[in-house]
Participant: 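For reference, the structure I am asking about is given below.
Residues: numbered from 1 along the sequence shown.
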Amino acid sequence: MGKKDYKNLSRLDKFFGITKNKSSLKTEIYAGFATFLAMAYILTVNPNNILFGGTADPRWPSVFIATSLGAFVGTLFMAFIAKMPLAQASGMGLNAIIGGMIGGTMGFAFSYGNAMLLVFLSGIIFLLLSVVPIGKDEDGKRVTCREKIFDGMPESVRTAIPVGIGLFIAFIGMQNANIIQTNEYTLVQFVDLTNKANWALGGVGCQAIVALFGLLVITVLSHYRVKGSVIMGILSATLLAIPLKVANIDILLGKVDGVSWAFYDNFKNYFSMNPEEGGIFLSMFTEGFNFPEGSLMICLMTILTFIMIDMFDTMGTIVGCCANANLLDKKGKPQNFNKIMNSDSLATCTGALLGTSTVTTFVESGAGVAEGGRTGLTALVAAILFFLSIFILPIFAFIPQAAAGSALIYVGVLMMSNVKNIDFSEVKESVPAFLTISMMVLSYSITNGIGLGVVSYFFINILIYIIDVIKFLRSDYREKPRLEISLVTFIVTILFLIYFLVPTI
C-alpha cells in the first residue's frame, strides 16, 4: 500500500472517527455487510406489501427501485450527517398502511401519488420537529422538539426500550424462519418438527433448521471472537438452504417473475412519469393532489399515524442499537441524536419523492452493531450495497429470510443484556417497563410498546399522586407529595391516546 493509500485511509478514519470509537476499517466493512444482509429482505417484501398484486403488478420493478434508492439515500444520510452505524429503508407496517390505502381497504382507493404525498407531508412535519428549537437544556444548549420529547420520556420506559427491541427483533427472525408459527388456539406456536409434512424440501421444518444452523455458527464463531461471525452465519445458512430447497436457484437464473437482471428496462419505466407504465418517480406531483372525496379525516389521521410510528419506532431503534454499541451519552441519549433524527426525517421526505413508503431507521441495524460497527462507515458500506442491489437484484433476493433470521435472533440475545438496568424493585417503574417490553412483541409494534408504557406510567403515577395527596391532607404524610410526570410525558400520553382511540374512518 502506497503513501497515497495510507493518506486516504487516514482521512477516512478521521472523518468517521473509526479509531476514536475503538473500531477498524475491516470491522466497519464487515458490519456494513451484516446490516445489509439482515435488511435485504425489504427490497422484495416492500413492493409485495405495497402492491397486493405482487410481481404481476407492472409497478413492482419500479417500487423495488424506489425501495433500493430510498434505502441508499436514507442510509447515506446516516453515514455522512449522523455518522452512526445505522441503516434506513422503507418501514414494515408503514408499507402495509400504504398498501391498504392503494388497495381500497378504507372504502375507496387512493392513487399511488396520493399516498406518497401524505408520506411527504408527514416527513416535512417530522423534519420541522427535528430542527425547530423549543428550549434549552441545563447546559444552555438549544434543544429541538424531538430531543425534548426524548428527554421528557419516563426513564423506566427509556430503559426498557432496548430490551423490547431485542425481543422484537428475535421474534421477527423466528417468524421469518418459521421457527414460530401461527396457531388457531394459542396464536403462536413452535414449529411442529414431529409432522413429517413439515420436513418436505423447502418446508417450514427445513426453514427452521436453516435459521437454527445459522445461529449455531454465529454463536460458536462469536465465542472465539471471529470477525465477520454474523456474515459467516448468514452465508453458511444460505449454503445449507440450497440442498434443502429453502433457497431458490431460479432466482439467480432470473426465472422468477419480477426478479430480473434487466435493470435498464426497469429504470426506463420507473422514470417515465407515466403511472400506466409504472412511473412512480415523483408520482406525488403527477397524481398526488387529486384526493378522493370525503378523505380529509383519513388523510389527517394517516399523517398523524405516520409521524407517531416513525418518531417512536426510530427513537426505540436508535436507543436499542446505540445502547448495545455503548454509543449513549451520560444521560442515556444516543450520540448525535439530533443528527440521527434529521437524517431520519430527510429520508422520509426523499423516499416519498422517489416513490416509496416512509423510510425509517431499521432495527436490523443491530446486526451490524453486533458485528462491531460503531461509525458511519458501517452505514456507508450498507448504502453502497443497497445501490448495487438495483443492478444485481437476483443475488440479494436469493438469500432466504430464514438465513437472515439467524442474525436477528442473535441480535435479540445481545440486546437482552439491557434488562439488568431496569429497576424491578419499584412497581410504578417496573410495570410500565414490562408493558413496554412485552407489548412491542405481542402487538408486533415498537410504537405500541412505547405508547402503552408511557400511558401506563402516566395513569399509575397520577393515581399514586392523588392517593398520596389525600393521605397528606389527612396528615398521614409529613412530606408533601410530588407529581413525577413531566409536561412532555403528559403531551405524549394525550397523543398516544388519540393514536390508540381515534378511528381513521
Side-chain angles (χ1 to χ4, degrees), residues 42-43 45-51 59-78 81 87-103 106 109-131 146 269-275 278-292 295-296 298-311 313-314 340-362 383 386-387 390 504:
I42 195 63
L43 296 174
V45 171
N46 191 53
N48 288 338
N49 280 9
I50 291 178
L51 305 171
R59 294 173 295 183
W60 197 97
S62 295
V63 180
F64 165 77
I65 291 175
T67 304
S68 301
L69 290 177
F72 168 64
V73 175
T75 306
L76 279 184
F77 287 149
M78 281 294 180
I81 297 177
Q88 302 195 81
S90 304
M92 292 294 291
L94 294 163
N95 51 18
I97 295 174
I98 294 294
M101 294 170 63
I102 296 172
M106 296 180 175
F110 285 82
S111 69
Y112 201 95
N114 290 156
M116 291 304 105
L117 182 55
L118 293 180
V119 173
F120 182 78
L121 291 174
S122 71
I124 291 296
I125 297 172
F126 209 18
L127 181 60
L128 290 175
L129 292 174
S130 303
V131 298
R146 286 177 71 170
N269 294 332
Y270 171 68
F271 288 109
S272 69
M273 303 288 283
N274 184 350
I280 65 172
F281 178 65
L282 298 181
S283 60
M284 58 175 280
F285 295 114
T286 60
E287 55 178 1
F289 291 90
N290 185 22
F291 284 98
S295 65
L296 178 60
I298 291 179
C299 290
L300 293 176
M301 286 307 301
T302 299
I303 291 173
L304 176 62
T305 300
F306 286 161
I307 293 172
M308 293 287 285
I309 292 176
D310 198 6
M311 176 181 293
D313 266 24
T314 300
I340 293 173
M341 292 303 186
N342 291 343
S343 300
D344 188 86
S345 49
L346 284 171
T348 294
C349 297
T350 305
L353 294 171
L354 292 170
T356 187
S357 56
T358 303
V359 177
T360 186
T361 309
F362 258 53
F386 273 118
F387 181 74
I390 298 174
T504 56

Participant: How far apart are the C-alpha atoms of Phe362 and Ile42, what are their side-chain angles, what is the distance that settles it, and do they pass the side chain to side chain contact (heavy atoms under 4.5 Å, CB included) test?
Facilitator: CA-CA 10 Å; Phe362 258 53; Ile42 195 63; 3.8 Å; yes

Participant: List the residues meeting side-chain hydrogen bond (donor to acceptor under 3.5 Å, both in side chains) with Thr356, not counting sequence neighbours, and say none if there are none.
Facilitator: Asn46, Ser90

Participant: Walk me through whether Phe64 and Leu69 qualify under side chain to side chain contact (heavy atoms under 4.5 Å, CB included).
Facilitator: CA-CA 9 Å; Phe64 165 77; Leu69 290 177; over 6 Å; no

Participant: Under a 4.5 Å cut-off applied to non-hydrogen side-chain atoms, are Ser68 and Phe386 in contact?
Facilitator: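 Not touching, per the 4.5 Å side-chain cut-off.
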
Participant: Who pairs with Leu282 by side-chain contact (heavy atoms from CB on, under 4.5 Å), at least two apart in sequence or on another chain?
Facilitator: Met273, Phe285, Leu353

Participant: Can you give me the closest heavy-atom contact between Met116 and Ala352, atom names plus distance?
Facilitator: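 Taking every non-hydrogen atom into account, O-CB, 3.4 Å.
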
Participant: Which value, rounded to the nearest 0.5 Å, describes the distance between Ile340 atom CD1 and Thr361 atom OG1?
Facilitator: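 It comes to 7.5 Å.
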
Participant: Indicate yes or no for a side-chain donor-acceptor contact from Thr348 to the backbone of Val359 under 3.5 Å, with no hydrogens or angles considered.
Facilitator: yes

Participant: Identify the two heavy atoms, one from Ala89 and one from Ala71, that lie closest to each other, and give their separation to 0.1 Å.
Facilitator: CB-CB, 3.9 Å

Participant: Just by modelled atom types, is the Ile280 backbone N or O under 3.5 Å from a matching donor or acceptor in the Ser283 side chain?
Facilitator: yes

Participant: Go through the structure and list residues passing ring-ring contact (aromatic ring centres under 6.0 Å, His included) with Tyr112, not counting sequence neighbours.
Facilitator: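 In terms of ring-ring contact (aromatic ring centres under 6.0 Å, His included), with neighbours along the sequence ignored, Tyr112 is linked to no residue.
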
Participant: Nearest 0.5 angstrom please: Thr350 OG1 to Phe120 CZ, how far?
Facilitator: 8.5 Å

Participant: Determine all donor-acceptor pairs shorter than 3.5 Å in which one atom belongs to a side chain in residues 121-128; sequence neighbours excluded.
Facilitator:
| residue | atom | partner | partner atom | Å |
| --- | --- | --- | --- | --- |
| Ser122 | OG | Val119 | O | 2.6 |

Participant: Please list, chain by chain and in numerical order, all residues satisfying side-chain hydrogen bond (donor to acceptor under 3.5 Å, both in side chains) with Ser130, sequence neighbours excluded.
Facilitator: Arg146

Participant: Supply the atom-to-atom distance Phe289 CZ to Leu117 CG, rounded to the nearest 0.5 angstrom.
Facilitator: 5.0 Å

Participant: Identify, with sequence neighbours excluded, every residue that meets ring-ring contact (aromatic ring centres under 6.0 Å, His included) alongside Phe72.
Facilitator: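 For Phe72, the residues satisfying ring-ring contact (aromatic ring centres under 6.0 Å, His included) (neighbours in sequence not counted) are Phe387.
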
Participant: Mind checking what makes side-chain hydrogen bond (donor to acceptor under 3.5 Å, both in side chains) contact with Thr314, not counting sequence neighbours?
Facilitator: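 So Thr314 forms a side-chain hydrogen bond (donor to acceptor under 3.5 Å, both in side chains) with Asp310, Asp344, Thr360.
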
Participant: Just jot down the side-chain contact (heavy atoms from CB on, under 4.5 Å) partners of Asn290, sequence neighbours excluded, or say none.
Facilitator: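 Asn290 satisfies side-chain contact (heavy atoms from CB on, under 4.5 Å) with no residue once adjacent residues are dropped.
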
Participant: With sequence neighbours left out, what residues match Ser111 under side-chain hydrogen bond (donor to acceptor under 3.5 Å, both in side chains)?
Facilitator: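 Ser111 satisfies side-chain hydrogen bond (donor to acceptor under 3.5 Å, both in side chains) with Asn114 once adjacent residues are dropped.
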
Participant: Look up atom CG in Leu129 and atom CD1 in Ile307, then write down how far apart they are to the nearest 0.5 Å.
Facilitator: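 The CD1 atom of Ile307 is 6.5 Å from CG of Leu129, to the nearest 0.5 Å.
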
Participant: Between OG1 of Thr358 and CD of Gln88, what distance do you get to the nearest 0.5 Å?
Facilitator: 11.0 Å

Participant: Ring-plane angle category for Tyr270 and Phe281, please: parallel below 30°, perpendicular beyond 60°, tilted otherwise.
Facilitator: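 Rings of Tyr270 and Phe281: tilted, as their planes differ by 30° to 60°.
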
Participant: Heavy-atom distance under 4.5 Å between the side chains of Leu118 and Cys299, does that happen here?
Facilitator: yes

Participant: I would like to know whether Leu346 and Ile81 meet side chain to side chain contact (heavy atoms under 4.5 Å, CB included); could you show each step before the answer?
Facilitator: CA-CA 11 Å; Leu346 284 171; Ile81 297 177; 4.0 Å; yes

Participant: Do any N or O atoms from the side chain of Glu287 and from the backbone of Gly113 form a donor-acceptor pair under 3.5 angstrom?
Facilitator: yes

